[in-house]
Amino acid sequence: MKRNYLSLLAKLSDISVDVDESEFLSSVVAVAGQYLDFDVLTINLFNAQASALFLAAGYSRYPADPCIGDTLQIGMGVVGTAAKRRRPLLLQDVEKSSLYIAKYPATRSELACPMIYKGQLIGVLNVESGHKNAFTRQDIDSLKRLAIFLANSIQVLRSRQQVQRSDIAYQVLTAKFAQDYQTFFENASQGMGRMDANGVLVLVNSSFARIFGYSEPEGMLKVRFRDLLLDGARYDQLLARLVEKDFLYDDLQARHKSGQTLDLRINCWLSRESDGRLTYINLALEDISEAKRLQQELQKSERMATMGELAAVIAHEIRNPLAAVLNSAEELQARVNFTGTNRRLIEIILEEAGRLERVVRDFLIFARPTPPRVVAVDINKLIERSLELVLQMDIARNMDGALEVEKHLKSDLPFVQADPDQLIQVLLNILINAVQATKGKGRISVSTMLESAADWSGCPYLVIDVTDNGSGINPQDMGRIFEPFFTTKPSGTGLGLSIAKQIMDTHNGALQIESRLGQGTSVRIVLPTSQPTTL
């Protein structure tokens with residue numbers, strides 16, 4: 001089951017606020033159980049007089065049910081500590097923390113989000129999972145927003161009880177609830193909007209506008225939502241289903257302002273008058289373009305794994321008879337003084353057998369990669385060695401014209417923890433491609449530098465740029481350059497870049513390629529440094 005926060009939000013907005021606190025929380029828990037796959041979800045409310053939390057509502061998919069009314073002192077366990085610190089607390093592996101109270105032995109991950117209203121602690125929303133590392137960044141952000149929504153709703157319910165539903169106070173509280181919801185609407189990370197019965201957008205938040213490439217929400221008003229989609233006919237079909245069911249959840253493709261295709265996950269629900277007349281169509285959107293891309297990458301990885309297994313089988317079957325052919329040809333050449341055509345024939349056998357042996361070797365490297373033997377590596381020295389090897393190869397010596405090689409190697413670079421032999425293999429593959437692209441009479445530039453960290457590791461990245469002014473790569477081929485066995489070279493195996501990317505993945509690095517047909521190619525090798533370094 002997937003965690004569908006957008007659908008949960010839509011359903012929560014339908015829960016009546018004309019009920020008491022206990023009934024409201026029970027409804028929230030029931031709806032949450034339909035859209036979230038957590039094994040435990042509890043809502044713990046703060047009792048200021050007792051300076052403790054009590055379990056007000058919850059569900060459990062374990063044999064043991066939550067004990068409504070159970071109390072927990074502030075500062076105890078994950079929930080109590082989150083309440084004391086007034087900020088979310090996440091344990092991706094509860095067995096590694098002394099804070100975890102083993103109420104549910106099967107739990108392996110826990111996330112507690114305080115419910116705060118204007119600096120006042122209302123309670124704690126707590127979720128648990130039977131899997132380690134169960135919570136993603138999206139889960140954390142979405143549950144934090146859900147905790148804020150619950151805190152606002154609970155405060156409105158309590159305020160209503162205090163004023164005993166007097167007409168004037170009721171109007172004031174309704175306006176306050178609307179104001180809180182408006183704040184939630186405006187600050188939501190999901191794209192939220194509303195269109196009239198004719199499908200024209202009349203209200204969108206900033207996230208909605210940003211998804212489609214607009215800087216301000218006002219820029220999207222009076223736009224027909226159907227015109228934003230790639231397939232208008234599909235929109236018409238979905239609209240018919242929506243009118244029939246009042247609620248819809250589906251995936252659509254839309255068009256960004258720049259013309260780029262967007263993959264969207266869309267939730268729609270209807271607002272009607274008391275007589276059933278349709279007034280508005282409410283929208284909640286999530287841009288899942290990146291998730292789609294990652295899914296495609298995963299599918300590609302699975303295909304590559306299957307192809308790798310096949311390559312290994314073929315390589316093993318070929319290797320032994322190939323070795324026999326190569327050894328026999330070498331023995332014949334040593335024993336017999338071949339001349340003329342016979343000598344050329346034996347040379348062809350040795351050359352082609354040698355080429356096949358290198359192909360088999362690449363197959364085996366791709367299919368059975370060896371774990372890196374990590375040591376401290378001076379990357380500049382490694383580049384110098386790789387360039388020396390490439391320039392000694394026939395591929396560089398036999399090209400017509402002069403090959404110009406420029407080096408811009410930054411001094412005082414930190415060492416990186418890597419396998420030097422595998423990095424040389426990456427560099428050789430890239431440099432050989434550059435030499436072939438320039439036909440030995442162009443320019444190749446190799447640069448090293450240090451760049452700021454792009455993730456939470458805090459460590460800068462060491463970057464190697466290899467640029468050539470050769471023939472470049474056809475745009476139609478760019479999406480396939482890392483696929484195994486894909487090649488545009490008459491004698492290539494299509495494994496060079498696949499192996500290079502495989503090596504970079506095992507080093508927690510990256511291999512990035514940009515190319516323009518007829519103008520050249522730039523390859524960027526990115527490696528994390530072993531320790532944080534001051535830039």
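We use all heavy atoms of the structure for the numbers below, so side chains are in, but hydrogens, waters and symmetry mates are not. If you read the sequence from its start, that first residue is 1, and numbering goes on from there.
Proximity of a side-chain donor or acceptor of D196 to a complementary backbone N or O of N198 within less than 3.5 Å is detected. Looking only at distances, a side-chain donor or acceptor of N205 sits under 3.5 Å from a matching main-chain atom of M192. For S129 (side chain) and F38 (main-chain N/O), no donor-acceptor pair under 3.5 Å exists by modelled atom type. In this structure, the side chain of D419 engages the main chain of R373 through a donor-acceptor pair within 3.5 Å. A donor-acceptor distance shorter than 3.5 angstrom exists from the side chain of S109 to the backbone of N133, with no hydrogens or angles considered. Looking only at distances, a side-chain donor or acceptor of D39 sits under 3.5 Å from a matching main-chain atom of G130. Here the side chain of N44 pairs a donor or acceptor atom with the backbone of V124 at under 3.5 angstrom. Between the side chain of E110 and the main chain of V78, no donor-acceptor pair closer than 3.5 Å is present. Remark: side-chain polar atoms of N380 are paired, donor with acceptor, to backbone N or O of K410 under 3.5 angstrom. With hydrogens and angles ignored, the 3.5 Å screen pairs a side-chain donor or acceptor of H256 with a backbone N or O of S258.
Scored by the side chain to side chain donor-acceptor pair (under 3.5 Å) test, R272 finds D246 as partners (sequence neighbours excluded). By the side chain to side chain donor-acceptor pair (under 3.5 Å) test, K501 pairs with D505, sequence neighbours left out. Scanning for side chain to side chain donor-acceptor pair (under 3.5 Å) contacts around E23 gives an empty result, with sequence neighbours left out. For R86, there are no salt bridge (Lys or Arg N to Asp or Glu O under 4.0 Å) partners at least two apart in sequence or on another chain. Residues satisfying the ring-ring contact (aromatic ring centres under 6.0 Å, His included) criterion with F225, sequence neighbours excluded, are absent altogether. Applying the salt bridge (Lys or Arg N to Asp or Glu O under 4.0 Å) test to R108 and every residue at least two apart in sequence or in another chain returns E95. A search for side-chain contact (heavy atoms from CB on, under 4.5 Å) contacts involving S51 returns I74, not counting sequence neighbours. Not counting sequence neighbours, the partners of D263 by the side-chain contact (heavy atoms from CB on, under 4.5 Å) test are Q253, I288, S289, K292. Listed by chain and number, the residues in a side chain to side chain donor-acceptor pair (under 3.5 Å) with E128 are T107, N126 (sequence neighbours excluded). In this structure, the side-chain contact (heavy atoms from CB on, under 4.5 Å) partners of S142, at least two apart in sequence or on a different chain, are Y5, Q138, R145, Q190.
L53 and G123 make their closest contact through CD2-CA, 4.3 Å (heavy atoms, listed as atom of the first residue, atom of the second, distance). Across all their heavy atoms, G75 and T81 have their closest contact at O-OG1, 3.4 Å. The nearest pair of heavy atoms linking A64 to S60 is O-OG, 2.9 Å. Taking each heavy atom of L121 and A83 in turn, the nearest pair found is CD2-CB, 3.9 Å. Shown here for V375 and P420, the closest heavy-atom pair between the two residues is CG2-CD, 3.6 Å. Shown here for I481 and M478, the closest heavy-atom pair between the two residues is CG1-O, 3.3 Å.
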Practice prompt. Decide yes or no on side chain to side chain contact (heavy atoms under 4.5 Å, CB included) for L8 and L146, but give the supporting numbers first.
Written response: CA-CA 10 Å; L8 173 60; L146 180 58; 4.0 Å; yes

Practice prompt. Applying side chain to side chain contact (heavy atoms under 4.5 Å, CB included), run through V523 and Q512 and close with a yes or a no.
Written response: CA-CA 6 Å; V523 180; Q512 302 162 351; over 6 Å; no

Item to complete: Determine, stepwise, if the pair V426 / I525 fulfils side chain to side chain contact (heavy atoms under 4.5 Å, CB included).
Response: CA-CA 9 Å; V426 172; I525 303 169; 4.0 Å; yes

Item to complete: Walk me through it: do Y35 and Y249 pass the test ring pair (Phe, Tyr, Trp, His ring centres under 6.0 Å)?
Response: CA-CA 12 Å; Y35 293 96; Y249 171 80; 8.2 Å; no

Item to complete: Tell me, with the steps shown, if F212 and D287 meet side chain to side chain contact (heavy atoms under 4.5 Å, CB included).
Response: CA-CA 9 Å; F212 287 94; D287 184 357; over 6 Å; no

Worksheet item: Is there a salt bridge (Lys or Arg N to Asp or Glu O under 4.0 Å) between D250 and R234 once you walk through the steps?
Response: CA-CA 11 Å; D250 215 320; R234 177 163 164 73; 3.0 Å; yes

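Looking at P528 and V416, their side chains never come closer than 4.5 Å, going by heavy atoms from C-beta outward. Annotation: side chain of T448 is in contact with side chain of L413 (closest heavy-atom distance under 4.5 Å). Between V127 and V40, every side-chain heavy-atom pair lies at or beyond the 4.5 Å cut-off. Contact of the N282 side chain with the L270 side chain is not registered, since no non-hydrogen atoms from C-beta on lie closer than 4.5 Å. With contacts defined as side-chain heavy-atom distances shorter than 4.5 Å, the pair L283/L201 qualifies. Side-chain atoms of N267 and L248, non-hydrogen and from C-beta on, never get closer than 4.5 Å to each other. Between M115 and L150 there is a side-chain heavy-atom pair separated by less than 4.5 Å. Side-chain atoms of L239 and I281, non-hydrogen and from C-beta on, do get closer than 4.5 Å to each other.
Salt bridge status for R61 with D37: absent, with no side-chain N to carboxylate O gap under 4.0 Å.
A distance of 8.5 Å separates CG in D141 from OG1 in T136, rounded to the nearest 0.5 Å. Atoms CD1 and CZ, on I513 and R524 in that order, are 13.0 Å from each other to the nearest 0.5 Å. In this structure, the separation between OG on S522 and CG on D465 is 5.0 Å, given to the nearest 0.5 Å. Distance check, rounded to the nearest 0.5 Å: NZ of K118 to CD1 of I122 gives 11.5 Å. Between the CG atom in L511 and the OG atom in S498 there is a gap of 10.5 Å [rounded to 0.5 Å]. Taking CG of L111 as the start and CG of L125 as the end, the distance is 8.0 Å to the nearest 0.5 Å.
Screening residues 211-230 for side-chain hydrogen bond (donor to acceptor under 3.5 Å, both in side chains), with sequence neighbours left out, gives R224-D227, R226-D236.
When the shell of 6.0 Å around CD of E514 is examined, it contains 12 or fewer heavy atoms from other residues, nucleotides or ligands.
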Per-pair distances, 0.1 Å, donor-acceptor, side chain in residues 96-104, under 3.5 Å, sequence neighbours excluded:
unit_1, atom_1, unit_2, atom_2, d
S97, OG, L99, N, 3.1
Y100, OH, Y104, O, 2.8
K103, NZ, D70, OD2, 3.4

